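Only one structure is covered here, and it is reproduced in the block below.
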Number of protein chains: 2
Amino acid sequence: MSKLCPTPALADVAKLAGVSTATVSRYLNDPNRVVEATRQRELKAVDRLGYTPNFAARVMAVKRSWTIGAIIPTMENAIFARGLQAFQEELHQHGYTVLVSSSAYDPELEAEKIRTLVAHDADGVLPIGHDRDPKIYKDLARRDIPVMNAWSFMAYTQIASVGFDNRAAMAELANRAIRLGHQRIGVISDITTGNERARLRIEGIRDAARQNGLSLSNLTILDPPYQIENGAEAFSKLMSQGIRPKVILCGNDVLAVGALHRARDMGLKVPKDVSVTGFDDIELARVAAPALTTVHVPHREMGRRAAAALVDMLENRTPGASTRLATHIVERQSLGPPAST
Amino acid sequence: MSKLCPTPALADVAKLAGVSTATVSRYLNDPNRVVEATRQRELKAVDRLGYTPNFAARVMAVKRSWTIGAIIPTMENAIFARGLQAFQEELHQHGYTVLVSSSAYDPELEAEKIRTLVAHDADGVLPIGHDRDPKIYKDLARRDIPVMNAWSFMAYTQIASVGFDNRAAMAELANRAIRLGHQRIGVISDITTGNERARLRIEGIRDAARQNGLSLSNLTILDPPYQIENGAEAFSKLMSQGIRPKVILCGNDVLAVGALHRARDMGLKVPKDVSVTGFDDIELARVAAPALTTVHVPHREMGRRAAAALVDMLENRTPGASTRLATHIVERQSLGPPAST
DNA sequence: ACCCAAAATGCAAGAGCTTACATTTCCACT
DNA sequence: AGTGGAAATGTAAGCTCTTGCATTTTGGGT
């Protein structure tokens, strides 16, 4: 008997239940559209066969996948994890599934992943940051696929975004360092290509320097790939300069932890001998030794809002509004005044 | 003109190029099956229209999605990241895309995610560990979807796996601790429900205790959810016992780092006052202070092998072989002999 | 009993691609 | 120039679902 059918289709259920496929389809999508007796029969048929609707077929028929795709630069760190989690939770509430892809900070790869997501009929897309080939946006727009950029708030742009002001946030932190008396500043940035977040953070540091009448020649900027190890390496490089900077501003907590670690290896006390700051305020920052002074980013809030906005765009065909979230400095133990030499 | 068509289909390309859809399809799947002149025309038509093949339709037609799904317990930590990365890389080589879902260590959710993946026509599935409702396996088997379990090697089972012997690995580490003179042992395990990896690791500790003639009453076992914070909390709990354990074996590095952190807060020196060990050997372990003595797991190798095996099952319809990978202890600074009290 | 609107169900046409099979085109040889 | 077989292309069915429209059933009201 039909029990053996490896992947039962709607038609099999229909036959077994003695109704038409239309009825089964209706039953599946809204049991109330079917009379009690039929409902029973279908129910029985469905689980007798172990039927599961075929996603691809449904997508084709309704032109709607209830899937939204997120493309993040990396999964190897916890940076995007919390936000993404919140994003998923919120979307789940609304019945959407999210597909996650990572681009390894590579614009080419990112473009490809976005295409893949689109080919998979994603109803909406969430890339991180803004910087990318305009063709991508154009293509998405033509296909009428809502896009929400996250992790970076940009006021003057066609694409909606939910994020924060990377530049101002970093400027605030740099300001604080400078006011503490720091002059020479080392910067370990995120990768900057195709990543305006990193560039804006650097800009923020420059802003702060300028505001305080510091020559930009006091800044030494490195941008190694995003990994703990690289933070350590960059720290070494910075420390081998003629005049050692007394404060190292890092583009994110992961890099900062690497720096911290290397400082310890070099026998440097933080923050007595050198200060180190992070960005993001992930769990790691709290646990590091010494605990990292960093910029707190409202990860979950960002994820939630991004999801909500996307749903709004999807359900109401609205253009999508941008939201700017606040960040704040979390003062812990890794930033202090420079020791008087 | 047809430029306006929001989502061009194969037929549009065909019309514009003046050929049949079959030809376009062939061109798309293997340009060489089409004569030069046609190729040019199609090429032009495709990018004039900005055509992208519709995935759902293709899947329906060929019954093959070139997609494989991975379900991991969590993305919030780096634990699975490296392995997953390798898994993706290897699969990418073979033309597969991987879809990642996380289950938040919740069996219900995991089952749902697996169903979703199947509905999305995943050609194969990679869940972490073995423990799960047999119905899931049965369903997958019926649909003839290859499954590969990772992170846990199990010899006697229907399902292929690539992983390591969690029990033996942990036993080895526990043995080392005991030989150093430790008697009272605190254990901060991973969550154990639906997670035989965690349970096996605990079993390993018990094995070691028994082997060394230690009463099991010397063990105190906690299994908080998997987060740095919880590791810290658990550590406090362990330390508030009548007789404080002098060594804390943790189910993974993340928990261990939490413990380490709390130890420092409590003014306890590691390993002088208390030893702490991890499991997994993620980057964090190297960077922690003191650096964590832990069990090295061949993450990338595991991911790569899992991918290769899955591809083999897929392409050659083979039953799928299990692979057992070796682990080893990485001795760093967090494990030492108990201080003589 | 009978009528009729409302409710339930059925029919069949898509949705966009692949592919077996049929047809046409091409070219090397005689 | 004529022929045969390979190469290129076309035709149309099929994959699994949804849904507009047509048809049948139901049940309350007279």
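Fair warning: this is a prediction, and the values are worked out from it, not measured in the lab. Numbers restart at 1 for each chain; the letters A, B, ... are given by sequence-line order, proteins then strands.
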Residue pairs involving residues 38-74 of chain A (criterion ring-ring contact (aromatic ring centres under 6.0 Å, His included); sequence neighbours excluded): A/Phe55-B/His120, A/Trp66-A/Tyr96
Listed partners of B/Tyr27 passing ring pair (Phe, Tyr, Trp, His ring centres under 6.0 Å), at least two apart: none
Segment of DNA chain D, first to last nucleotide, that comes within the 4.0 Å heavy-atom reach of chain B: D/dA8 to D/dT16
Contacts of A/Phe87 that satisfy ring pair (Phe, Tyr, Trp, His ring centres under 6.0 Å) - sequence neighbours left out: none
Sugar-phosphate, base or nothing in reach of A/Tyr51, heavy atoms under 4.0 Å: sugar-phosphate
Most 5' of B/Val19 and B/Lys63 on DNA chain D, judged by nearest nucleotide: B/Val19
Contact pattern, 5' to 3', of nucleotides 18-29 of chain C - B, S or - by protein heavy atom under 4.0 Å: BBB---------
Within residues 97-115 of chain A or reaching into it, pairs that qualify as side-chain hydrogen bond (donor to acceptor under 3.5 Å, both in side chains) - sequence neighbours excluded: A/Glu110-A/Arg132
B/Gln40, CD: over 12 other non-hydrogen atoms inside 6.0 angstrom: yes
Qualifying ring-ring contact (aromatic ring centres under 6.0 Å, His included) pairs with a residue from residues 122-154 of chain B, counting only residues at least two apart or across chains: B/Phe80-B/Trp151
Bend angle of the helix from C/dA1-D/dT30 to C/dT30-D/dA1, from helix axes over five pairs at each end, nearest 10°: 40°
Rounded distance (Å) that lies between atom C1' of C/dG16 and atom CG of B/Asn54: 6 Å
Residue pairs involving residues 14-37 of chain A (criterion salt bridge (charged side-chain N to carboxylate O under 4.0 Å, His left out); sequence neighbours excluded): A/Glu36-A/Arg39
Set of residues satisfying side chain to side chain donor-acceptor pair (under 3.5 Å) with respect to A/Asp190, sequence neighbours excluded: none
Lys/Arg N to Asp/Glu carboxylate O, B/Lys135 vs B/Asp139, below 4.0 Å: no
Spacing of A/Lys15 atom NZ relative to C/dG10 atom P, expressed in whole Å: 15 Å
Between P of C/dA15 and CZ of A/Arg64, the distance in whole Å: 19 Å
Residue met sooner reading DNA chain D from 5', once B/Asn32 and A/Thr52 are mapped to nucleotides: B/Asn32
Salt bridge (charged side-chain N to carboxylate O under 4.0 Å, His left out) pairs, two or more places apart, involving residues 145-158 of chain B: none
Pairs meeting criterion salt bridge (charged side-chain N to carboxylate O under 4.0 Å, His left out) with involvement of residues 88-97 of chain B, two or more places apart: B/Glu89-B/Arg300, B/Glu90-B/Arg304
